[in-house]
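Ligands are counted one by one from 1 in listed order, and the atoms in each one are counted from 1 as well.
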Amino acid sequence: MRIAISTGGGDAPGLNAVIRGSVLAAIHRGWECVGIRRGYDGLLDEDRVVVLDANAVRGITHLGGTILGTTNRGDPFRWRGQGADGSAIEHDRADELVAAFRRKGIDALIAIGGDGSLRIAQRLFREKGIRVVGVPKTIDNDVGGTQLTFGFDTAVQTATEAIDKVHSTAESHERVMVVEVMGRHAGWIALHSGISGSADVILMPEIPFDMSKVCEKIARREAEGRHFSIVVVAEGAAPRGGSVSLIDPEHQRLGGIGDKVAHSIQEMTGKETRSLVLGHLQRGGSPTTFDRLLGLRFGAAAVRVIADGKFGTMVALRPPTIAPISIDEALAAPKTVPLDSDTIATARDLGISLGD
Ligand code: F6P
């Protein structure tokens with residue numbers, strides 16, 4: 001048995017732990033493993049398939065990033081290239097990919113990725129017969145069917161530490177500080193880091209916000225003698241009746257909502273307000289113990305699922321176990337924060353404004 005491993009889409013802390021878990025579990029069964037470099041690029045334009053043996057995965061559990069590299073522009077069904085005149089064109093190279101799999105003697109693929117990469121994996125399975133098992137990755141924690149994705153815990157830890165640091169400067173200067181965190185469709189990072197970092201306001205994609213409610217909360221604190229406030233806003237949050245803030249509309253890149261919220265607060269309350277964007281800081285660094293363990297568990301579980309012949313599936317955290325679910329189920333809808341969850345109730349009970 002020869003399995004291939006690929007990492008696609010934005011990176012997340014814990015990717016290397018998944019790779020190690022898969023490789024060691026495969027070797028344990030007497031199988032061979034190869035890694036495809038930079039998403040599927042390594043099998044198309046370049047021949048960059050590397051042997052993954054025990055040596056290759058030694059000492060990588062604690063490392064951020066991915067030893068295989070990644071890209072979020074690598075869809076073989078819609079390959080972006082250049083036409084003869086230099087213009088951008090898209091074409092379907094999935095059959096070339098399938099041929100490359102055959103040439104390399106690859107029997108099954110472990111595709112580690114978020115919704116975009118899992119969608120590609122699902123098409124490779126369904127339309128091209130590639131034997132695929134997916135592993136859910138994203139710091140945003142918005143893949144369906146799994147209680148958690150790896151990378152999320154580390155991102156929340158990083159965001160919470162940043163909010164803690166912003167607190168002292170906000171208090172010294174009696175300012176409002178707005179911290180923009182990641183979270184395209186879901187406010188998991190904003191909610192968990194905001195509550196843990198004692199934010200006063202948390203804005204997330206699930207709850208369209210009303211600036212007057214945000215300012216009411218800041219004014220109430222002011223009246224109580226608390227002359228500073230901390231606002232945490234997810235990049236995908238939007239005002240009631242408004243739309244998300246994009247810095248690159250062509251590629252749908254989110255960004256700028258923190259700045260807009262800060263500007264409105266200063267205008268509406270007269271309080272000096274500053275904003276900062278945590279951005280890709282949240283995707284970097286050494287994974288937390290939780291993400292290391294989850295990554296190793298996902299990686300080893302993916303190999304067990306291959307051994308059981310359950311393809312077209314994704315390993316999902318379903319405490320106390322990790323179970324294969326269909327990739328269709330995982331992709332049915334982004335997993336957003338349930339508004340009736342106890343975490344939302346906790347935020348409200350603590351007096352945190354959710355902007356509604
Ligand atoms: O999916 C994770 C994520 O971190 C999103 O929250 C964010 O919008 C996106 O990746 C940014 O990715 P990149 O800058 O790599 O395109």
Side-chain angles (χ1 to χ4, degrees), residues 6-15 18 38-41 64-66 68-75 78 80 88 111-121 134-146 148-160 162-163 179-194 202-206 232-238 243-261 275-285 287-288 291 294-295 298 314 330-331 333-337:
S6 74
T7 52
D11 64 349
L15 276 165
V18 180
R38 274 181 59 78
Y40 299 113
D41 282 15
T66 158
L68 294 176
T70 187
T71 170
N72 35 19
R73 303 265 155 89
D75 184 348
R78 298 177 58 192
R80 291 186 212 173
I112 314 170
D115 55 350
S117 311
L118 291 171
R119 223 169 281 283
I120 297 167
V135 176
K137 165 240 66 166
T138 165
I139 64 162
D140 289 2
N141 192 35
D142 60 357
V143 174
T146 181
L148 288 168
T149 52
F150 69 87
F152 169 65
D153 187 64
T154 309
V156 169
Q157 179 72 32
T158 300
T160 305
I163 297 165
V179 183
E180 180 181 312
V181 298
M182 280 188 171
R184 174 169 283 274
H185 306 290
W188 295 104
I189 297 177
L191 185 66
H192 286 220
S193 64
I202 299 172
L203 306 176
M204 39 199 265
E206 293 85 346
V232 175
V233 55
E235 61 181 353
S243 49
V244 293
S245 183
L246 295 167
I247 37 170
D248 176 1
E250 193 196 333
H251 299 105
Q252 291 290 298
R253 280 186 61 213
L254 294 167
I257 189 66
D259 223 20
K260 289 182 183 166
V261 166
S275 71
L276 75 155
V277 181
L278 297 189
H280 294 82
L281 201 69
Q282 297 158 96
R283 294 227 302 246
T288 57
D291 279 336
L294 184 59
F298 272 155
M314 179 193 88
L331 295 179
K335 185 187 67 195
T336 53
V337 178

(message) Nearest 0.5 Å, please: how far is OG1 in T336 from CG in D142?
(response) 9.0 Å
(request) Using side chain to side chain contact (heavy atoms under 4.5 Å, CB included) as the criterion, point out the one residue from V135, T71, L68, V18 that pairs with T7. (result) L68
(request) Give a yes or no on whether the backbone of D11 and the side-chain of R283 come within a donor-acceptor separation of less than 3.5 Å. (result) yes
Present, as a list of atom pairs with distances to 0.1 Å, all nitrogen or oxygen contacts under 3.5 Å between ligand 1 and the protein.
{"from": "ligand 1", "atom 1": "4 (O)", "to": "R283", "atom 2": "NH1", "distance (Å)": "3.4"}
{"from": "ligand 1", "atom 1": "6 (O)", "to": "D140", "atom 2": "OD1", "distance (Å)": "3.0"}
{"from": "ligand 1", "atom 1": "6 (O)", "to": "D140", "atom 2": "OD2", "distance (Å)": "2.8"}
{"from": "ligand 1", "atom 1": "6 (O)", "to": "E235", "atom 2": "OE2", "distance (Å)": "2.5"}
{"from": "ligand 1", "atom 1": "8 (O)", "to": "E235", "atom 2": "OE1", "distance (Å)": "3.4"}
{"from": "ligand 1", "atom 1": "8 (O)", "to": "E235", "atom 2": "OE2", "distance (Å)": "2.8"}
{"from": "ligand 1", "atom 1": "10 (O)", "to": "R283", "atom 2": "NH1", "distance (Å)": "3.0"}
{"from": "ligand 1", "atom 1": "12 (O)", "to": "R283", "atom 2": "NH1", "distance (Å)": "3.0"}
{"from": "ligand 1", "atom 1": "14 (O)", "to": "H280", "atom 2": "NE2", "distance (Å)": "2.7"}
{"from": "ligand 1", "atom 1": "15 (O)", "to": "N72", "atom 2": "ND2", "distance (Å)": "3.2"}
{"from": "ligand 1", "atom 1": "15 (O)", "to": "R283", "atom 2": "NH1", "distance (Å)": "3.3"}
{"from": "ligand 1", "atom 1": "15 (O)", "to": "R283", "atom 2": "NH2", "distance (Å)": "2.9"}
{"from": "ligand 1", "atom 1": "16 (O)", "to": "N72", "atom 2": "ND2", "distance (Å)": "3.2"}

(message) I'd like to check the side-chain hydrogen bond (donor to acceptor under 3.5 Å, both in side chains) partners of S275; sequence neighbours left out, ordered by chain and number.
(response) D259
(request) Please list, chain by chain and in numerical order, all residues satisfying ring pair (Phe, Tyr, Trp, His ring centres under 6.0 Å) with F152, sequence neighbours excluded. (result) H192
(message) Can you list everything that forms a side-chain hydrogen bond (donor to acceptor under 3.5 Å, both in side chains) with R78? Sequence neighbours excluded, please.
(response) E90
